[in-house]
Structure formats: C-alpha cells, structure tokens
Amino acid sequence: MASAPDTTAPEQEGSGFASSILNEIIYSPVNLLLTVIIAVLVYKIYKSKFAKVHMETPTPDLPKIRKDMTVAELRQYDGTQPDGRVLVAVNGWIFDVTRGRRFYGPGGPYAAFGGKDASRGLATFSVTSSDKEYDDLSDLNSMEMDSVKEWEAQFREKYDLVGKLLKPGEEPTNYSDEELEETDNSTSCPEDKKDQ
C-alpha cells in the first residue's frame, strides 16, 4: 500500500504547482493585468504577421517606362488610371513606385505624393506635395536638402528610375537609342538564322 501514495504524489505535486501559478495569476490584480497585456500583444503580433502574408496583393507586371516628363505629364500617374501605375518625383528624378502602391496609390498614407513631386514634402516631413508647375527647392535649407538627397538614395535602391522631372523649357532626353539597340539585337537574331 505504500507504493500507491508514491505514484500519485508526483501527479499531485505537478497539479498543485500548476494550480498555485494559476491562483497567483487570477488572484493578483497586477499579474492578471500583465497576463492580459501579454495575451493581447501576442495576438496583435500574430494577427499582423498573418495579415501581411494574406493581405498583400500582387502588383501587375507593367512594362518599364523610360522617359523624362513634365509636372503635367507626371500627374497622370497617380494610380487612378486603369493600369494603376504610380510615379513619384524626388529631387528631380521620377521613380516608378507601383510596387509600393499601398503607400503611394489611392487610399494610401502617402497618396498625396502619387503623380507628383514629393521632394518638398519629404524634406519638411509633411505629407503634402507641391502644386507648383516646377518646384526648384532653392528655398530649402541645407538640412532639408540633405534629407531630400537621402530620400532620393532610398528611392533609387528600392524603385525603378523612369527619368528626369523636366524644368519649364527643358528638353527631354531621347531614350529611344537604347530601345533601338535592344530591338536591333532581337531582330538581328532571326535574320542571322535566315541567312544560315
């Protein structure tokens, strides 16, 4: 009979330990509050990671654009057109930010920058864009210009460069020479095969 209490003793000790922890959590207001906070944080972390995986919508594969534009031409690319393309200008350069459409497209937190020159807004930490025909940024101080240059570097790393934002009266660069070389190479291959 002595062996029967020995086999149940560890089970009682284990359940006693668990119940003492549970009693400590339930009957202490501070511990109960901390447990609730931890549970809410774990839920939010799980929910945010789960939502990111399932909420990301794939961006359509659009052909690359390589051209300089005026401010008026840039306004057409605010994400409201059928293809959904979004372009943003930073420090005189235009970037295709369609991959970041949820930020720069309609309804996004930075939608004010879509199809516009975002330089002044980024420099002054304001989510507004310039409504001027061309914003030369000459009135920005050196710290604001450094900020614009940092933003330009980040956009260069993350997004495709489209071209320059043209000043009034400035002529666009002709990028068709590069495109002609690509098409010449692709058309020369079939002709070479025909000759052989």
Side-chain angles (χ1 to χ4, degrees), residues 57-196:
T57 56
T59 56
D61 289 333
L62 298 172
K64 288 188 178 186
I65 296 177
R66 185 73 172 132
K67 70 181 237 177
D68 298 341
M69 296 182 196
T70 63
V71 174
E73 291 172 319
L74 178 62
R75 282 189 198 116
Q76 299 171 14
Y77 297 98
D78 62 356
T80 59
Q81 65 279 10
D83 66 358
R85 189 181 300 267
V86 183
L87 302 181
V88 172
V90 178
N91 200 24
W93 296 101
I94 302 170
F95 299 93
D96 187 339
V97 298
T98 306
R99 286 188 309 225
R101 180 183 166 89
R102 68 177 183 260
F103 297 109
Y104 301 103
Y110 303 108
F113 295 151
K116 297 190 180 150
D117 183 1
S119 303
R120 183 170 298 277
L122 294 170
T124 60
F125 301 102
S126 172
V127 186
T128 58
S129 57
S130 175
D131 290 332
K132 297 178 182 179
E133 184 56 35
Y134 183 82
D135 191 358
D136 66 0
L137 307 176
S138 62
D139 60 330
L140 295 179
N141 64 37
S142 62
M143 202 162 81
E144 289 170 332
M145 278 308 296
D146 288 343
S147 179
V148 170
K149 290 175 183 175
E150 287 175 23
W151 277 106
E152 177 192 342
Q154 289 179 22
F155 273 72
R156 282 184 183 272
E157 287 177 19
K158 190 169 185 177
Y159 300 112
D160 292 330
L161 178 66
V162 173
K164 293 187 299 186
L165 184 62
L166 297 173
K167 298 175 184 175
E170 186 178 8
E171 292 296 318
T173 304
N174 185 4
Y175 296 107
S176 64
D177 294 340
E178 296 171 8
E179 294 170 1
L180 286 174
E181 288 177 9
E182 290 176 19
T183 53
D184 286 345
N185 290 338
S186 63
T187 57
S188 65
C189 292
E191 290 174 4
D192 292 341
K193 290 178 183 177
K194 288 179 185 176
D195 291 338
Q196 290 176 353

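Just so we're clear, the structure is a prediction, and the values are computed from it rather than from any experiment.
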Go through the steps to decide whether Val97 and Phe155 satisfy the test side-chain contact (heavy atoms from CB on, under 4.5 Å), and finish with yes or no. CA-CA 8 Å; Val97 298; Phe155 273 72; 3.7 Å; yes

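A heavy-atom distance below 4.5 Å is not found between the side chains of Leu122 and Val148. Here the side chains of Arg85 and Pro63 are in contact, with some heavy-atom distance below 4.5 Å. Contact of the Tyr104 side chain with the Pro109 side chain is not registered, since no non-hydrogen atoms from C-beta on lie closer than 4.5 Å. Taking the side chain as every heavy atom from C-beta outward, Glu144 and Leu137 never approach each other to under 4.5 Å.
Heavy-atom minimum distance, Gly105 versus Ala111: O-CB, 3.2 Å. Annotation for Ser126 and Phe113: closest pair O-CZ, 3.6 Å, computed over non-hydrogen atoms. Of all non-hydrogen atoms in Leu140 and Ala123, the two that sit nearest each other are CD1-CB, 3.9 Å. Here the closest heavy-atom approach between residue Ala89 and residue Leu74 is recorded as CB-CD2, 3.7 Å.
Ring geometry, Tyr110 versus Phe103: the interplanar angle falls from 30° to 60°, so the pair is classed tilted.
A salt bridge is defined here as a Lys NZ or Arg NE, NH1 or NH2 lying under 4.0 Å from an Asp or Glu carboxylate O, and Asp68 with Lys167 fails to meet this definition. Here Lys164 pairs with Glu170 in a salt bridge; the nearest charged N to carboxylate O distance falls below 4.0 Å.
Separating the CD atom in Gln154 from the CZ atom in Phe95 is a distance of 11.0 Å, to the nearest 0.5 Å. Rounding to the nearest 0.5 Å places NZ of Lys64 at 4.0 Å from CG of Asp160. Separating the CG atom in Leu161 from the CG atom in Asp96 is a distance of 10.0 Å, to the nearest 0.5 Å. Interatomic distance, CE of Met69 versus CG of Leu87, reported as 5.0 Å (0.5 Å rounding). A distance of 10.5 Å separates CZ of Arg75 from CG of Asp117, quoted to the nearest 0.5 Å. Here Lys116 contributes atom NZ and Leu165 contributes atom CG; the two are 13.5 Å apart, rounded to the nearest 0.5 Å.
Listed by chain and residue number, Thr80 satisfy the side chain to side chain donor-acceptor pair (under 3.5 Å) test with Asp78 (two or more places apart in sequence, or in another chain).
Remark: the backbone N or O of Arg156 is not paired with any side-chain donor or acceptor of Glu152 at under 3.5 angstrom. Looking at Ser119, its side chain does come within 3.5 Å of a backbone N or O of Asn91 through a donor-acceptor pair. Remark: the backbone N or O of Val162 is paired with a side-chain donor or acceptor of Arg66 at under 3.5 angstrom. Between the side chain of Arg101 and the backbone N or O of Val86, no donor-acceptor pair lies under 3.5 Å.
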